Amino acid sequence: MADVITYREAVSEGIAREMRRDPSVVCLGEDIGAAGGVFKTTAGLFAEFGPDRIKDTPISEQAIVGMAMGAAMTGVRPVAEIMFSDFLACCWDYLANEIPKMRYMTGGQVKVPLVVRTANGGGLGFGAQHSQSVENWALAVPGLKVVAPATPADVIGLLAAAIRSDDPVLFFEHKGLFASKGETAPDGHLVPLGQAAVARAGSDVTIVALASTVPLALAAADELAEGGVAAEVVDLRCLVPLDMATVLASVGKTSRLLIVEENPYQGGWGGTVASVVADEGFELLDAPIRRVAAECVPLPFADVLEDQVIPTTAKVVAALRSLLAY
Amino acid sequence: MAVDIGARDLLGLYEQMSVIRGTERAAHDLFLAGLVKGTTHLAAGHEAVAVGASFALRPDDYVFATYRGHHHAMARGATPAECLAELMSKRTGVCKAKGGSMHLTKASAGMLGSYAIVGAHLPMAAGAAWSAKLRGSGQVAVAFFGDGATNIGALHEALNLAAVWALPVLFICENNLYMEYTPIGSVTAVAHPAADRAPAYLLPAEVIDGNDVAVVADAVRRAAARARDGGGPTVLEALTYRQFGHSRTDPATYRPAGELESWLARDPLELARQRLADHGVPQADIAAADARAAQVVAEAVAAAKAADPPDPADALTDVWADGGSAWRT
Ligand SMILES: Cc1ncc(C[n+]2csc(CCOP(=O)(O)OP(=O)(O)O)c2C)c(N)n1
Ligand SMILES: [Mg+2]
């Protein structure tokens, strides 16, 4: 059997592989050095690469991302960490107004090859300011590549692609997946940005999922398999580039589409996927497109309340049953 | 203060300032004629800051400026023609008419952008300085910013981290007394909005005459040398004045009577002419520099007017490093 590692370990492994390969890769962020990160996703990097390449910063989100931008424009490949994705709001100017526009508004003169990594998502009871899934914020801004892996091997392969990319990448690591395990990735593993994965093949219904909702979708598909239903699970891996070709091909097989997303229904990424399918795949469909997304409220603290708000396997199963009965 | 620019260099700096002044006047006229859309923030009056600093920097140093940045773009080597073409939405614009007046950029000359979100570029300059330090290149990065940027968090985050990491970065405030229509003094707890903040980060600071090109060059040369020697950042607060309103056709009625006149008496070109006279440079040489500058500006206006508009297809290029804008398959 192949080696198994956690999603958390895959983050530091993915960064370390790129740092060994390319001396221009450097990391900066809060507590990422000797402490190894609040989620231990940078464990071991400081010991291996030292204080010049693994930089602890003050609690200065604007300086972290703004400096990463300036460094990226001048020959360095920074990997900046924003501890919780909620804190992206503190440096949103850089992600909305500066980084994604630089190349365009200079007529192609400047590139910004950086990665901003951040711990995203709920399920751990951190309350309204430390639990949000904000990948839809990033999707709203043309000029950012948006990545959100679901498995340890994809963490490694997508980090390699993100760090090597000459475009800015916002890389969402899901907090609820850090402890999950999977096969590690072979040396040199690289997952190109913008290629979805069919995580489970099936012909009766397509479930499009991302990051934490991939295991939910797979669990729901398992449950339905007992009743003889074959669900296909498409793991998008990236929101930009968005692999609509894989989604449309799957819907072409199944004629039914369920989208499972952890960000709020209101403005969630599933709306974009649904609109493309409605536009370009209307004739493929035998039923309405359904979405299981977070309720449009702030994230509550108690588990029993949080479960009401974010997608769960039970909600996905219920939505699938109603969709199949349509 | 020891200011040791020779007559020949000084005349060259004067001519550069004269070109910038002429280009700003042309931009103003073109705007009024309806040939420049959107807005402009003219830097007439600020020329000495850009030209003096550029003289003191290496060609490979990095400059980050604001939406009031025409003077910095030209001081670093963008031509008046490509700047005016940018303002006039022409294909030959320095940013292919995708940026406009507020975003003049000439990366090949180390002019890494003009930014229109107040204060945002200070961390970027610190980051470029960090990059230079990591690469051991000996380069310095400079952020030019308005007095208004001194009350934005990004400035303080940048000053602190640049100080802690001893980065080769210069923070140069162009204090022109106003943020749009509000005097900086009326909303700021300290008298010198940039220089008085530096001690909080144990950074050296100087308040300088931003209208005297020789003074600016001297201060920037010393600060850049210190930065290259590992001495870390410096804050310079250059006192200056914008001679036009904030933007577009702002008549600047909020200025107290006599203020503009007193600053016009200290016009950077006038101060440079006095210095040139002190050096014994003949009036004829100064007039010849002005004539050459006027010629450059006239040719730039003609070239920009004659240039083609952008290819509409260019709206969908330059988003990604592959040159395109595809966001999905
Ligand atoms: C973050 C932000 N807030 C407000 C504005 C609107 N605005 C544009 S210029 C300006 C005044 C800035 O004054 P200062 O920094 O002194 O620069 P100056 O225009 O005098 O060169 C303001 C408030 C902006 N562009 N960005
Ligand atoms: Mg001002």
Side-chain angles (χ1 to χ4, degrees), chain A residues 23-24 26 28 52-53 55 57-76 78 90-91 93-94 97-98 100-113 139 142-143 145 165-167 194-196 239-248 272 276, chain B residues 62 64 86 93-100 102-108 112-113 115-117 119-135 137 139 141 143 152-154 156-158 160-162 164-165 167 169 314 317-323 325-329:
Chain A
S24 74
V26 292
L28 74 167
D52 285 343
R53 294 180 70 193
K55 299 292 278 186
T57 66
I59 306 164
S60 296
E61 278 75 15
Q62 296 190 72
I64 292 167
V65 180
M67 286 182 60
M69 177 178 174
M73 288 164 67
T74 54
V76 167
C90 301
C91 51
D93 177 39
Y94 292 94
N97 292 323
E98 315 293 346
K101 307 207 168 18
M102 201 54 211
R103 187 179 167 83
Y104 188 84
M105 71 185 187
T106 64
Q109 293 180 64
V110 178
K111 65 178 183 181
V112 191
L139 180 61
K145 299 225 158 138
S165 169
D166 277 343
D167 293 316
Q195 280 185 15
L239 292 180
V240 181
L242 184 62
D243 186 0
M244 286 308 302
T246 296
V247 174
L248 287 163
T272 298
V276 175
Chain B
Y62 300 120
F64 295 76
E86 185 70 22
V94 69
C95 298
K96 303 199 303 206
K98 287 178 158 177
M102 295 202 277
H103 302 299
L104 299 185
T105 301
K106 179 96 176 176
S108 60
L112 287 186
Y115 298 84
I117 309 295
H121 59 303
L122 279 88
M124 295 174 209
W130 176 41
S131 154
K133 188 170 176 166
L134 282 166
R135 291 179 286 108
S137 67
Q139 292 160 291
I152 261 215
H156 296 270
E157 294 191 11
N160 176 62
L161 204 37
V164 173
W165 292 0
L167 298 177
V169 56
D314 248 1
T317 63
D318 293 328
V319 174
W320 306 123
D322 68 8
S325 60
W327 65 278
R328 52 161 286 209
T329 58

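Because the structure is predicted, anything quoted here is derived from the model rather than measured. Convention: sequence-line order gives letters A, B, ...; per-chain numbering from 1.
- Remark: A/K111 engages A/D166 in a salt bridge (charged side-chain N to carboxylate O under 4.0 Å, His left out) (not counting sequence neighbours).
- Residue contact with chain A, scored on non-hydrogen atoms closer than 4.5 Å, involves the backbone and the side chain of B/W320 alike.
- With a 4.5 angstrom heavy-atom cutoff, A/V240 touches chain B via backbone and side-chain atoms both.
- Side-chain atoms of A/T106 and B/T105 include no donor-acceptor pair closer than 3.5 Å.
- Heavy atoms closer than 4.5 Å to chain A are found in the side chain of B/L161, but not in its backbone.
- Contacts between B/N160 and chain A at a heavy-atom distance below 4.5 Å involve the side chain alone, from C-beta outward.
- Only the side chain of A/V26 comes within contact range of chain B, with at least one heavy atom under 4.5 Å from a heavy atom of that chain.
- Heavy atoms closer than 4.5 Å to chain B are found in both the backbone and the side chain of A/D243.
- Taking B/E157, B/K96, B/K98 one by one and counting their heavy-atom pairs under 4.5 Å with chain A, the maximum is reached by B/E157.
- Scanning for ring pair (Phe, Tyr, Trp, His ring centres under 6.0 Å) contacts around B/W327 gives an empty result, with sequence neighbours left out.
- With chain B as partner, the option from A/M69, A/E98, A/E61 having the largest number of non-hydrogen pairs under 4.5 angstrom is A/E98.
- Interface summary for chain B: among A/M67, A/Q195, A/K101, the most heavy-atom pairs under 4.5 angstrom belong to A/M67.
- Residue contact with chain A, scored on non-hydrogen atoms closer than 4.5 Å, is absent for B/S325.
- When heavy atoms are compared at a cutoff of 4.5 Å, A/V65 does not approach chain B at all.
- Note: B/Y115 OH to B/H103 NE2 = 10.0 Å, rounded to the nearest 0.5 Å.
- Between chain B and the residues A/M102, A/R53, A/Q109, the most heavy-atom pairs under 4.5 angstrom are made by A/Q109.
- For the options A/N97, A/T57, A/D52, A/V76, heavy-atom pairs under 4.5 Å to chain B are most numerous at A/V76.
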